[in-house]
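What follows is one structure encoded as structure tokens, with my remarks underneath.
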Number of protein chains: 4
Amino acid sequence: MPYRRSSLMEERLADNRLRILKSARALVAEGGFRQASITAVAARAGLSTGAIYRYFPAKADLFVEVLNSAVDYEVAMLQKIADGKGDVGTRLRAAVRSFVSRAVEGPNLAYAFIAEPADLEVEAARLICRERFGEVFKQLLREGIAANVLPAQSIDVGAACIVGAFTEALVRPITPNAKREASKALIEGIVEFCARAVGAAKAS
Amino acid sequence: MPYRRSSLMEERLADNRLRILKSARALVAEGGFRQASITAVAARAGLSTGAIYRYFPAKADLFVEVLNSAVDYEVAMLQKIADGKGDVGTRLRAAVRSFVSRAVEGPNLAYAFIAEPADLEVEAARLICRERFGEVFKQLLREGIAANVLPAQSIDVGAACIVGAFTEALVRPITPNAKREASKALIEGIVEFCARAVGAAKAS
Amino acid sequence: MPYRRSSLMEERLADNRLRILKSARALVAEGGFRQASITAVAARAGLSTGAIYRYFPAKADLFVEVLNSAVDYEVAMLQKIADGKGDVGTRLRAAVRSFVSRAVEGPNLAYAFIAEPADLEVEAARLICRERFGEVFKQLLREGIAANVLPAQSIDVGAACIVGAFTEALVRPITPNAKREASKALIEGIVEFCARAVGAAKAS
Amino acid sequence: MPYRRSSLMEERLADNRLRILKSARALVAEGGFRQASITAVAARAGLSTGAIYRYFPAKADLFVEVLNSAVDYEVAMLQKIADGKGDVGTRLRAAVRSFVSRAVEGPNLAYAFIAEPADLEVEAARLICRERFGEVFKQLLREGIAANVLPAQSIDVGAACIVGAFTEALVRPITPNAKREASKALIEGIVEFCARAVGAAKAS
DNA sequence: CATGAATGAGAATTCATTCAT
DNA sequence: TATGAATGAATTCTCATTCAT
């Protein structure tokens, strides 16, 4: 009688794949790609190194997926906001706020997103990720300029700078004191910086 | 009779030290920290690997100095502009333009400045470098706000975002076609983005 | 009540065993022992890796049997020819022709027969296989010499050399051009070489 | 004052390279490519694994050189004999005798010459090596046939078979008893086998 | 019995650092 | 003092074998 894979086992499998991804992501978030060796990922996931290769054909594939899955989620969030109702400026503010808030919150994709990966394939994926963030803002800028709500400006450059500006929030502990409060100020600071930059300053 | 180091020898020593630093910087600029192995640095400097260790106790120390010396130069340039005459907005524009122009021009410290170094010590130095760039802009923002030329805003955040925005320009090939012309547009795009962001928009 | 293995089940078992052997042989024939991993054998046989170990205690045992069963067949073919009627020279020619023809025909056991196996046990089996081929030719030589049809000569050496000579035909693509025709010439070339070597040259 | 490499040091270096080659060759001779891991080669040479890579860029390069250098020597010996004076049959006998004698003598390139290497690059080199042996015999056959000393026959096939026949001497312990004496008989057996095969039988 | 995920030892390769010369 | 050969730990990846299900 053939062996039938139990649903419990399938759960275990899916679980392992996820654990590997989470381990990898956590390690990158904590100390960059530097610390994310296969051995370290395996140890953290409670698996052997060989097990990693059942789920990912090579190290690069694992980290490309780490990057992509994290960015998929983030971009989806931003896109939802960008596609929402309300005036362009508000949506742009909301998008920046949404991203930066999560970034400030905890160690997630942040570091990976800017850090130089050891692998060229991963590096390529990283650049594409940055582009994808830019796309969301390009769309908002295009819409705003077309509607005469935003002043004429370079869409490509604007999008890139926004991404750069809030990326910065991910790298440095800008305000090392008074975490919670400072975060709030930091987030709003970035939001307003970007808003002013694109000419969507609040009517004050 | 005590051995007296000849001035000629001292020159040689200083010369070697400089050559090592230049080799290291060039290698990082060309291919990131990835390519900057001690062996590669030594080969490029026309020295032996052992010789490197006469001038630098460890790899990390060498690259910390590479980073610092490169940033010393850049910050000095920016500081000079910031300390110059003319209104704050113009000086801020000039500072951004100065940095981004050189960055776009050729692969120099740019890459090193954003790339993840292999070493924790170097990573720390890199973060400090970013701070140092920020300081220049903080000064300008402070001055501008004090003089009521710039609107009230978070100085820390503003400075960070400016650095982030123009850092972004270093990472991606925003406009892969029409190099020269596009660079010009890119540079001015970033300059204006930052100017608007801090409320130093041109009188249009 | 004791468990009675149904004959249907036994068939299944024998079937699996055969499938495993066939898979292994095919893989070795295609790319040497290099490509014949347990995983590959299992996949090709449509079984799990674990199943292999139900039929063979270890990888080496599987490949020893692969070798032996393949050689059983070949040796049986040769033996039939050697035991046939007609003069010794003709039979020796036929035997060499039979072996070389099949070898040239397609990738079968040929490669395995000469290739270095990954395992010491298999290596030992391989050497024994070569001996077994030799035995057939020893018999023919003995008979021929006894009947004064062949000149006096070392039987052991003669047999070994014949095996060596036609083994060589398996290793190199002697004539890469004009496949069919060349094969024919190659085969007859080897046949006549061996015939002359043992003093069974055609009456010319 | 620049450091000048002493000739003693250069000797050491050349010595190491040679030691590595010898270790590799010995390991292959003893147990095939299977046993010749970089670790094993290094250990046997009294060096670290890293040291191997100072002399050989990759494992394949090391073993290609092992193969080539061994074959260079052998082929040179054979060529010298083939280019000598005397009738073709005598030279052919001498060439075969020369090769087989050394092969029987001790574990040298023998195994490597026939064994399947783990590496495709090495495999390619191995096939070329076999061809090179063949070339020497092709030359002799061509000369003999042209001078009407040898009967008409396929030169390519003849050369291949000769190589095959004496290769066999390398693989198996044809005569396990009475080493010395048997070797003598084995060697002459192979010599005469090949001589008869090409039609250069002794006038008896 | 069958399954195939997991193991873990081992392979090739790299590179910062040391030290005999 | 300069050299660069040597070290050896670390890294990625493979695969025969086991065992919970």
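Here the structure is a predicted model, which is why all the values come from computation and not from measurement. Labels below follow one simple rule: chain letters A, B, ... track the order of the sequence lines, proteins then strands, and each chain is numbered from 1.
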Whole-Å distance separating the CZ atom of B:R34 from the P atom of E:dT14: 15 Å
Whole Å only: how far is the CG atom of D:D15 from the C1' atom of E:dA20? 16 Å
With a 4.0 Å cutoff (strictly under), does any side-chain N or O of A:Y53 reach OP1 or OP2 of E:dG8? no
On the nucleotide F:dA2, are OP1 or OP2 found under 4.0 Å from the side-chain N or O atoms that B:R54 carries? yes
Let's test your reading of the model: under 3.5 Å, does the base of E:dA5 pair with the side chain of C:T49 as donor and acceptor? yes
Can you check the A:Y55 OH to F:dT12 P distance for me, whole Å? 19 Å
A:R19 CZ to E:dA5 P, in whole Å, measures 15 Å
From the set E:dA12, F:dT7, F:dA2, return the single nucleotide nearest to any side-chain atom of D:A51. F:dT7
Closest to side chain of C:S48, choosing from E:dT3, F:dT12, E:dT13: E:dT3
When D:G50 and B:G50 are each assigned the nearest nucleotide of DNA chain F, the 5'-most assignment goes to B:G50
When you compare the side chain of C:L120 with that of D:R34, does any pair of heavy atoms fall below 4.5 Å? yes
Between B:V71 and B:R130, is any pair of side-chain heavy atoms under 4.5 Å apart? no
Nearest-angstrom distance from the residue atom CD1 of C:I38 to C1' of F:dT17: 9 Å
Expressed in angstrom and rounded to an integer, what is the separation of C:N16 atom CG from E:dA2 atom P? 7 Å
Is there a Watson-Crick or G-U wobble partner for F:dA20 with both distances under 3.5 Å, and if so, which one is it? E:dT3
Whole angstrom is fine here: how far is it from CG in C:L27 over to P in F:dC15? 13 Å
Between A:F63 (CZ) and F:dT12 (C1'), how many Å, whole number? 12 Å
The residue, A:A60 or D:L47, whose nearest nucleotide of DNA chain F is more 5′ is D:L47
Check whether any side-chain heavy atom of B:L27 sits under 4.5 Å from a side-chain heavy atom of B:R44, and report yes or no. yes
Can you measure from CG (C:L47) to CZ (C:R17) and round to the nearest 0.5 angstrom? 13.0 Å
Judged by each residue's nearest nucleotide on DNA chain E, which is more toward the 5′ side, D:A58 or B:S37? D:A58
